[in-house]
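A quick write-up on the structure given underneath.
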Amino acid sequence: MNSTQRRGVGIQVRGLRKSYDGQLVLRDISFEVAPGEIFVIMGPSGSGKSVLLKHLIGLEKPDAGEILIDNESISSPGLMDRHRIAMVFQSSALLNSLTVGENVGLYLSEHRLKPPAEIEKIVAEKLELVGLAGAQNKLPSELSGGMKKRAALARALVVEPELLLYDEPTSELDPLMAVTVAEEILKLNRRMSVTSVVVTHDRDLAFGIADRIALIHNGSIYSIGTPEEVRNTTHPLFQRFLAADFNLKQSDKS
Amino acid sequence: MFENIGQILILMWRTFQALPLVVRHKRKVFDQLFEIGNASLLMACVLSLFIGGVLALQTGAALAERGLSSFIGQIVGLSMCKELGPVMMAVFISGRIGSAMAAEIGSMAVYQEIDALKTLNINPVHYLVLPRLVAISIALPILVVFSNLVGWFGGAIVSVYNYKVAISYAAYFNSLRSGVDFLDVANGLIKSLVFAVIIGAVSCHQGLRTVGGPRGIGRSVTKAVVNSIVMILILDYFLTRLLMHLDR
């Protein structure tokens, strides 16, 4: 299968529940993501978005419920060998002992998928794509937060994933780079039908790229709908969340 | 405690199963070997020189009083290669290298680098634990050989120049040669290999289960060193019993 024919995977989440030290963090979460869809999970900080994302890639085990990737449980042995799944972490999670180039090419080099010269070429391409051309030999400690985020995105792109999970992909990015990242998410989705699940509280990003948006609060999904449907939400918290703006000077005057 | 021991045994088993993959990780093994050698060799030699010296000083005077100075080489030789070399080097390495392993892997766990490896379908046991465990299992027995040689030499210096013992180099080394054979050295090397696996597995296990930021990393480092030393000292007794039994 070549990269242009690759299609994304479908996700089904059923009755997902998770608690830490007796505190319920996810409460009976259920939703479906269609292959090739851009599904955005949006909600205020501390609502359980990132924990949900970690469950989708198998980094956390649920107390109850199940997650199916193309009708196969996320916990089935060898699932990660059969499906290419990648994640862009909020903290970037670059390996600090490796250079940026080694980080970006890690998937290819560790799985011996390409010869070293080709890996170098692919790494250079991906870094250029995210605006980090020539940064191969830098260490992560020499990069700013935004640059680390872009390097992490390049590392995820190298996997050529069928499912790509983003945890706050635009946090720490300037508005121009945030737009570039949003465009890249869209481009990947259009070109390779990558299924994308994006966790964010960036409203511009959510409404700019989402096919559907899930609103999450206190570990429960309040509603799922198209961006237009979500804009018309009647839930007071989400109305405030979507309308919140910096009007400090005006409120001072009034 | 039993849960921890169980997890460490599982980690050892998984690493053992991954041994055929070590060739793929040879660069990381060499990096770790260099790190261990570079960080420890000089200090290990200094420690061993003085351990050998103290041993000769403590026993030498007592032996000389009873006219048994000719046994000093044998006593220092056997003590160093069967007990002090392996145990002291293991304790030293658990503090010097085990702590570094726990800190490095612990920091990777806290800053989600291990999660990132998992999402790239890279097994952290193969990528992080295997090279470290193999490297320390090679390095510790080599360090023990150095430790024995330097310790014997330290004992010789004290035996010759301390006025209470005052025997010749020839007498010291003749005594050592007559009392220490290859099996005695091998006995210590077997111990050191077991200790190396314990240090590597305990330290990597502590690192992998680190949570809670910088304080968590500190806790993991302390636990890695303390648990390694406790396990080394307990195992030393049983290993000694076992090896004594095999010696007969």
Side-chain angles (χ1 to χ4, degrees), chain A residues 20-21 50-51 53-61 74 77-98 102-113 116 140-141 148 151-168, chain B residues 7 10 14 17-18 20-36 38-39 97 100-132 135 204 207-214 216-217:
Chain A
Y20 295 103
D21 299 327
S50 296
V51 175
L53 205 62
K54 282 186 175 178
H55 279 83
L56 294 184
I57 200 164
L59 289 176
E60 293 279 353
K61 286 195 172 68
I74 188 78
L79 180 105
M80 295 287 275
D81 296 325
R82 291 187 288 281
H83 295 292
R84 289 184 164 200
I85 305 176
M87 177 164 170
V88 179
F89 287 81
Q90 184 172 6
S91 63
S92 307
L94 295 174
L95 273 64
N96 282 312
S97 54
L98 302 183
E102 287 168 335
N103 263 290
V104 175
L106 191 61
Y107 178 79
L108 299 176
S109 57
E110 278 303 307
H111 295 288
R112 302 196 162 186
L113 296 173
S141 56
K148 281 183 191 169
L153 178 60
R155 182 174 65 182
L157 295 181
V158 163
V159 178
E160 295 192 344
E162 296 160 89
L163 170 61
L164 189 42
L165 309 172
Y166 302 86
D167 192 1
E168 303 285 3
Chain B
Q7 287 173 353
I10 290 170
R14 285 188 181 155
Q17 280 180 314
L21 298 173
V22 77
V23 181
R24 289 180 62 166
H25 297 281
K26 58 181 182 293
R27 205 190 98 188
K28 284 187 222 110
V29 174
F30 285 126
D31 287 348
Q32 288 293 324
L33 272 173
F34 178 76
E35 181 78 21
I36 296 170
N38 195 32
I97 302 300
M101 283 182 185
E104 190 180 356
I105 297 178
S107 130
M108 291 181 76
V110 166
Y111 297 109
Q112 293 190 303
E113 292 178 31
I114 291 174
D115 283 348
L117 286 175
K118 288 179 188 166
T119 64
L120 294 170
N121 201 16
I122 297 170
N123 188 329
V125 173
H126 300 177
Y127 188 81
L128 297 170
V129 182
L130 176 67
R132 284 167 173 78
C204 291
L208 287 171
R209 64 201 299 265
T210 304
V211 285
I217 298 170

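In this text, all values refer to a predicted model and were calculated from it rather than measured experimentally. Reckoned from all heavy atoms, side chains included, excluding hydrogens, waters and symmetry mates. Residue numbering restarts at 1 for every chain, and letters A, B, ... go by the order of the sequence lines.
With a threshold of 4.5 angstrom between heavy atoms, A:L165 does not approach chain B through any atom at all. Residue contact with chain A, scored on non-hydrogen atoms closer than 4.5 Å, involves the side chain of B:H25 exclusively. Heavy atoms of A:L95 lying under 4.5 Å from chain B belong to its backbone as well as its side chain. For A:L98, the part lying near chain B is the side chain, with the backbone staying farther off; criterion is any non-hydrogen pair under 4.5 Å.
Taking 4.5 Å as the limit, every side-chain heavy atom of B:L120 sits out of range of all side-chain heavy atoms of A:E110. The shortest distance between side-chain heavy atoms of A:M87 and B:D115 does not fall below 4.5 Å.
Here the CD-CG distance, from B:E104 to A:N96, works out to 10.0 Å after rounding to the nearest 0.5 Å.
For A:R82, the CZ atom sits in a packed shell: over 12 heavy atoms of surrounding residues, nucleotides or ligands are nearer than 6.0 Å.
Residue B:T119 is tested with A:L59, A:V88, A:V159 for a side chain to side chain contact (heavy atoms under 4.5 Å, CB included); the sole match is A:L59.
Considering all non-hydrogen atoms of both residues, B:Q112 and A:S91 come closest at OE1-OG, 2.8 Å. Here the closest heavy-atom approach between residue A:A93 and residue B:A116 is recorded as O-CB, 3.5 Å. Minimum interatomic distance between A:E102 and B:R27 (heavy atoms only, all atoms of both residues): OE2-NH2, 4.0 Å.
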**Q.** Test log, rule side-chain contact (heavy atoms from CB on, under 4.5 Å), inputs B:L117 and A:L106
**A.** CA-CA 9 Å; B:L117 286 175; A:L106 191 61; 3.8 Å; yes
